[in-house]
Q: 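Just passing along the structure, written as C-alpha cells.
Position 1 is the first residue of the sequence; numbering continues from there. In this text, all values refer to a predicted model and were calculated from it rather than measured experimentally.
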Amino acid sequence: MSPWIAPVTLSGQHVTLVPLATEHHDDLVDSVRDGELWNLWYTAIPAPDAMAAEIARRLNLQTQGSMCPFAVLDPVSGRAVGMTTYMNIDTANKRLEIGSTWYRKSVQRSPLNSEAKRLLLGHAFEQLNCIAVEFRTHFFNHQSRHAIERLGAKLDGVLRSHQTNTHPLAAGALRDTCVYSIIASEWPSVRTHLNFQLNRASHKDTRSC
C-alpha cells in the first residue's frame, strides 16, 4: 500500500465510495450484467465469471502501492453499482490517475458519476495535495471522452498504438490512448463547475419529487 494514499470512504448525496472488498462481489456481478458491459470492445470491464479475479487483482495492486480501489455504492440501496480507482500512483511527484472505472448501465449519465469524480478530485487535490490528476481512455470510447471533458479536464495528447487491445472482440487491434489531466491550479475552477452541475442536478431531483 502506498504510504501516501490510504483507503478512505468518500460520501456525497448521490454516491458513496468505499474501499473495495471481496464482499462487493455479488453486487458487482449483478451490476456488470446491466448492459452486458464486458462486451464493449474498447474497454476492459470484467465479465461476471471474472469479477472475483478482478477484485483480487485490484486489491493486490493496492498492496503493492500502485492502486487504491473503490466500490461505488448507491447510497439509497447501499449496493455496489460499479468500481473506480486511484491508479498509477506516483508518490514522489504527487500525481495519480483516476481510472479503471465502470458503472452499471442504469446509473450511467446520472449525477452519480459527476459526484464520484468530484469526491475523488477533491480528496486528491485538497487532502493529498496532488499536482496533477490524469484520466486515460480509448480513442473510440467517445462516451468516456465526453464525460472526462465535461469535468473540465484538458487533452494532453493521444498515445498512438499505445497498447495491444486484449478484448476478444478486438483481436489484433491496437489501442490509441487519449490522455487528459487537471492540474492543481485549475482545480478551483473545475470544483466550481462540478459544484454548479451537482447543485443543478439536486435541484431537478427536488422539483421532480
Side-chain angles (χ1 to χ4, degrees), residues 2 4-19 42-43 66-75 81-103 107-160 162 176-208:
S2 169
W4 177 40
I5 298 179
V8 64
T9 295
L10 304 172
S11 299
Q13 178 182 350
H14 304 285
V15 68
T16 302
L17 306 178
V18 301
Y42 47 77
T43 64
S66 64
M67 180 179 282
C68 182
F70 298 86
V72 180
L73 305 187
D74 171 6
V81 296
M83 308 166 79
T84 191
T85 75
Y86 287 140
M87 57 190 289
N88 294 324
I89 295 169
D90 183 350
T91 301
N93 293 299
K94 292 201 170 183
R95 299 178 63 98
L96 54 79
E97 177 185 345
I98 295 174
S100 290
T101 301
W102 63 266
Y103 310 110
V107 302
Q108 294 175 13
R109 301 182 183 276
S110 75
L112 179 144
N113 178 50
S114 295
E115 187 169 54
K117 295 298 191 296
R118 167 65 179 87
L119 292 169
L120 290 166
L121 286 165
H123 186 70
F125 286 117
E126 296 166 14
Q127 275 70 53
L128 301 176
N129 296 315
C130 284
I131 63 171
V133 173
E134 286 187 6
F135 300 87
R136 297 189 176 206
T137 193
H138 196 297
F139 180 84
F140 282 104
N141 194 342
H142 298 296
Q143 181 176 335
S144 176
R145 290 178 63 185
H146 291 158
I148 292 168
E149 289 167 3
R150 284 196 301 271
L151 293 173
K154 294 182 172 60
L155 180 66
D156 293 325
V158 180
L159 302 177
R160 303 183 65 196
H162 179 223
D176 291 347
T177 299
C178 295
V179 182
Y180 293 84
S181 70
I182 297 170
I183 60 176
S185 62
E186 295 169 341
W187 171 236
S189 292
V190 172
R191 178 179 57 204
T192 299
H193 168 68
L194 290 175
N195 288 342
F196 174 79
Q197 297 282 8
L198 288 167
N199 287 336
R200 186 167 62 177
S202 297
H203 183 62
K204 287 182 179 179
D205 288 345
T206 299
R207 289 172 62 90
S208 64

Q: Does some side-chain heavy atom of D90 sit less than 4.5 Å from a side-chain heavy atom of L96?
A: no
Q: Taking all heavy atoms of E115 and all of V15, pick out the closest pair and write down the distance.
A: OE1-N, 3.1 Å
Q: For R150, does its backbone N or O pair with a side-chain atom of H193 as donor and acceptor, under 3.5 Å?
A: yes
Q: Between A116 and L17, what is the shortest heavy-atom contact and its length?
A: O-CD1, 3.9 Å
Q: In terms of relative ring orientation, are H138 and F140 parallel, tilted or perpendicular, with 30° and 60° separating the classes?
A: tilted
Q: Could you pull out the closest heavy-atom pair between C130 and W4, with the gap in Å?
A: SG-CH2, 3.5 Å
Q: Could you grab the distance from atom OG of S114 to atom CG of L119, nearest 0.5 Å is fine?
A: 11.0 Å
Q: Going from NZ on K154 to CD1 on I148, what distance comes out if it is rounded to the nearest 0.5 angstrom?
A: 14.0 Å
Q: Between Q143 and Q108, does a side-chain contact (heavy atoms from CB on, under 4.5 Å) hold up when you go through it step by step?
A: CA-CA 10 Å; Q143 181 176 335; Q108 294 175 13; 3.2 Å; yes
Q: About how many Å separate OG1 of T16 and CG of L10, when rounded to the nearest 0.5 Å?
A: 9.0 Å
Q: When you measure from the side chain of T85 to the backbone N and O of G99, does any donor-acceptor pair fall under 3.5 Å?
A: yes
Q: So, for Y86 and L128, which heavy atoms are closest and what is the spacing to 0.1 Å?
A: CE1-CD1, 4.3 Å
Q: Begin from the C-alpha positions of I89 and S66 and carry the test side-chain contact (heavy atoms from CB on, under 4.5 Å) through to its verdict.
A: CA-CA 5 Å; I89 295 169; S66 64; 5.5 Å; no
Q: Are the side chain of S189 and the backbone N or O of E186 linked by a donor-acceptor pair below 3.5 Å?
A: no
Q: Do R191 and L121 have side-chain heavy atoms sitting under 4.5 Å apart?
A: no
Q: Using the test side chain to side chain donor-acceptor pair (under 3.5 Å), find all partners of T101 that sit at least two apart in sequence or belong to another chain.
A: T84
Q: Report yes or no: does N141 contribute a side-chain atom to a donor-acceptor pair with the main-chain N or O of T137 at less than 3.5 Å?
A: no
Q: Check step by step if salt bridge (charged side-chain N to carboxylate O under 4.0 Å, His left out) holds for R136 and E134.
A: CA-CA 7 Å; R136 297 189 176 206; E134 286 187 6; 3.0 Å; yes
Q: If you measure from CG on D74 to NE2 on H14, what distance do you get to the nearest 0.5 Å?
A: 11.5 Å
Q: Name each donor-acceptor pair under 3.5 Å that joins a side chain in residues 176-185 to protein atoms two or more places apart or in another chain, with its distance.
A:
| unit_1 | atom_1 | unit_2 | atom_2 | d |
| --- | --- | --- | --- | --- |
| D176 | OD1 | S161 | N | 2.7 |
| T177 | OG1 | H162 | ND1 | 2.8 |
| T177 | OG1 | R175 | NE | 2.7 |
| Y180 | OH | R145 | NE | 3.4 |
| Y180 | OH | E149 | OE2 | 2.6 |
| S181 | OG | D156 | OD1 | 3.2 |
| S181 | OG | D156 | OD2 | 2.9 |

Q: Of the non-hydrogen atoms in A153 and F135, which two are nearest, and what is the gap between them?
A: CB-CD1, 4.2 Å
Q: Tell me, with the steps shown, if F139 and R160 meet side-chain contact (heavy atoms from CB on, under 4.5 Å).
A: CA-CA 9 Å; F139 180 84; R160 303 183 65 196; over 6 Å; no
Q: Begin from the C-alpha positions of Y103 and L112 and carry the test side-chain contact (heavy atoms from CB on, under 4.5 Å) through to its verdict.
A: CA-CA 9 Å; Y103 310 110; L112 179 144; 3.6 Å; yes
Q: Side-chain contact test, heavy atoms from C-beta onward, threshold under 4.5 Å: evaluate it for I131 versus R95 and give yes or no.
A: yes
Q: Tell me the closest heavy-atom pair linking V190 and G152, and the distance in Å.
A: CG2-O, 4.2 Å
Q: For the residue pair V8 and H123, establish whether any side-chain heavy-atom pair is separated by less than 4.5 Å.
A: yes
